[in-house]
Number of protein chains: 2
Amino acid sequence: MDGLTEMLKGTLEGCVLEIIGSEETYGYAITRRLNELGFADVVEGTVYTILLRLEKNGLVQVTKRPSGQGPPRKFYALNDAGRAELATFWAKWEYITSRLDKLKEGG
Amino acid sequence: MDGLTEMLKGTLEGCVLEIIGSEETYGYAITRRLNELGFADVVEGTVYTILLRLEKNGLVQVTKRPSGQGPPRKFYALNDAGRAELATFWAKWEYITSRLDKLKEGG
DNA sequence: TTCGGTACTCAGTGCCACACAGTACCACTA
DNA sequence: TAGTGGTACTGTGTGGCACTGAGTACCGAA
């Protein structure tokens with residue numbers, strides 16, 4: 001699926017939050033996970049900018065660990081602010097989807 | 001609901017396409033319709049920039065008609081390209097929502 | 001020793017919603 | 001007849017976000 005970029009604005013960050021929330025993980029693995037999920041065109045660069053933003057905004061706790069197969073990995077876990085942000089994200093998502101459903105059905 | 005801006009990127013244009021597709025209408029009325037639907041914070045300026053973009057991209061047919069209660073209205077109707085774009089929008093929307101559902105349920 | 005996979009960084013681009021100020025037409029009213 | 005408020009469109013500028021692309025670096029296997 002092409003041309004999703006604009007529609008992913010704000011959403012992709014939520015996806016990353018959700019992935020981190022379900023398991024402490026790192027950028028490269030998050031990218032693979034997103035690709036697996038069907039966000040096939042998402043590349044490392046995109047995910048890393050999101051991760052740096054999350055870190056800057058104080059939503060995650062970061063731990064650096066050696067990798068064994070490459071440079072050290074930066075593992076990300078949600079802190080309280082991150083969990084709150086994730087909840088807000090899903091609330092917004094539900095809000096928007098409900099409006100869109102209504103619109104689609106001629107409401 | 002606050003802070004929806006980023007998540008509306010790309011989506012709001014689709015909403016406008018859908019509204020125009022269901023009935024030939026004009027900017028001011030589209031804004032009211034969006035407000036009614038729950039997009040409470042969407043203002044005229046936002047809708048007009050979308051309409052100008054749709055026009056520029058050749059997705060709509062525009063007809064100017066006197067109003068009786070203010071300046072003349074610019075009525076918008078979808079042309080073939082617009083209908084195709086609308087179909088594409090809903091396809092993308094469905095694609096993204098299905099991925100998000102999958103993610104949410106731990107898929 | 002070169003290649004490919006793993007792993008992160010950073011500067012820059014383009015698009016979109018949105019803010020904000022302006023123009024203009026009309027009806028009502030004091 | 002000046003003022004107010006609702007209707008209706010235009011245009012410039014801003015900020016945020018996904019994305020690009022080039023760079024750095026580590027490792028194992030061919």
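Worth saying up front: this structure is predicted, and the values here are computed from it rather than measured. Each chain gets a letter, A, B and so on, in the order the sequences are listed, and its residues count up from 1.
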At under 4.0 Å, does any side-chain N or O of [X] touch on OP1 or OP2 of [N]?
| X | N | result |
| --- | --- | --- |
| Thr5(A) | dC19(D) | yes |
| Arg53(A) | dA18(D) | yes |
| Tyr28(B) | dT7(D) | yes |
| Tyr48(A) | dC10(C) | no |
| Ser67(B) | dA8(D) | yes |
| Lys74(A) | dT9(C) | yes |

Subject >> Nearest-nucleotide comparison on DNA chain C, the residue closer to the 5′ end among Leu52(A) and Glu6(A) >> reply: Leu52(A)

Subject >> Residue closer to the 5' end of DNA chain C, Val43(B) versus Lys9(B) (nearest nucleotide) >> reply: Lys9(B)

Determine the contact category for [X]: base if any of its heavy atoms lies under 4.0 Å from a base atom, sugar-phosphate if only primed atoms, P, OP1 or OP2 are that close, otherwise nothing.
| X | value |
| --- | --- |
| Ile50(A) | sugar-phosphate |
| Glu13(B) | sugar-phosphate |
| Thr49(B) | base |

Rounded off to whole Å, could you give me the [atom1]-to-[atom2] distance for the [X] and [N] pair?
| X | N | atom1 | atom2 | answer |
| --- | --- | --- | --- | --- |
| Met7(B) | dC18(C) | CE | P | 12 Å |
| Lys64(B) | dA8(D) | NZ | P | 14 Å |
| Glu44(B) | dG22(C) | CD | P | 17 Å |
| Asn35(B) | dA8(D) | CG | P | 14 Å |
| Gln69(B) | dG5(D) | CD | P | 18 Å |
| Leu51(A) | dA7(C) | CG | C1' | 12 Å |
| Arg33(A) | dT6(C) | CZ | C1' | 19 Å |
| Leu4(A) | dT20(D) | CG | P | 12 Å |

Original post:
Crowded around Glu94(B) CD? As in, over 12 foreign heavy atoms under 6.0 Å?
Top reply: no

**OP:** Check whether more than 12 heavy atoms from other residues, nucleotides or ligands sit under 6.0 Å from atom CD of Gln61(A), and answer yes or no.
**Re:** no

Original post:
Where the side chain of Arg73(A) is defined as all heavy atoms beyond and including C-beta, which of dA7(C), dA19(C), dT10(D) is the nearest nucleotide?
Top reply: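 Nearest to the side chain of Arg73(A) among the choices is dA7(C).
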
Subject >> Minimum-distance nucleotide to Leu8(B) side chain [options: dC18(C), dT6(C), dT9(C)] >> reply: dC18(C)

Subject >> Side chains of Phe39(B) and Leu8(B) in contact at under 4.5 Å (non-hydrogen atoms) >> reply: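 They are in contact (side-chain heavy atoms under 4.5 Å apart), so the answer is yes.
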
Subject >> Test item: Lys92(B) side-chain N/O and Gly3(A) main-chain N/O as donor-acceptor pair under 3.5 Å >> reply: yes

**OP:** Measure the CD1-CG distance between Ile96(B) and Asp101(B) for me, rounded to the nearest 0.5 Å.
**Re:**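 Between atom CD1 of Ile96(B) and atom CG of Asp101(B) there are 12.0 Å.
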
Original post:
How close do Leu103(A) and Glu18(B) get, heavy atom to heavy atom, and via which atoms?
Top reply: CG-CG, 3.7 Å

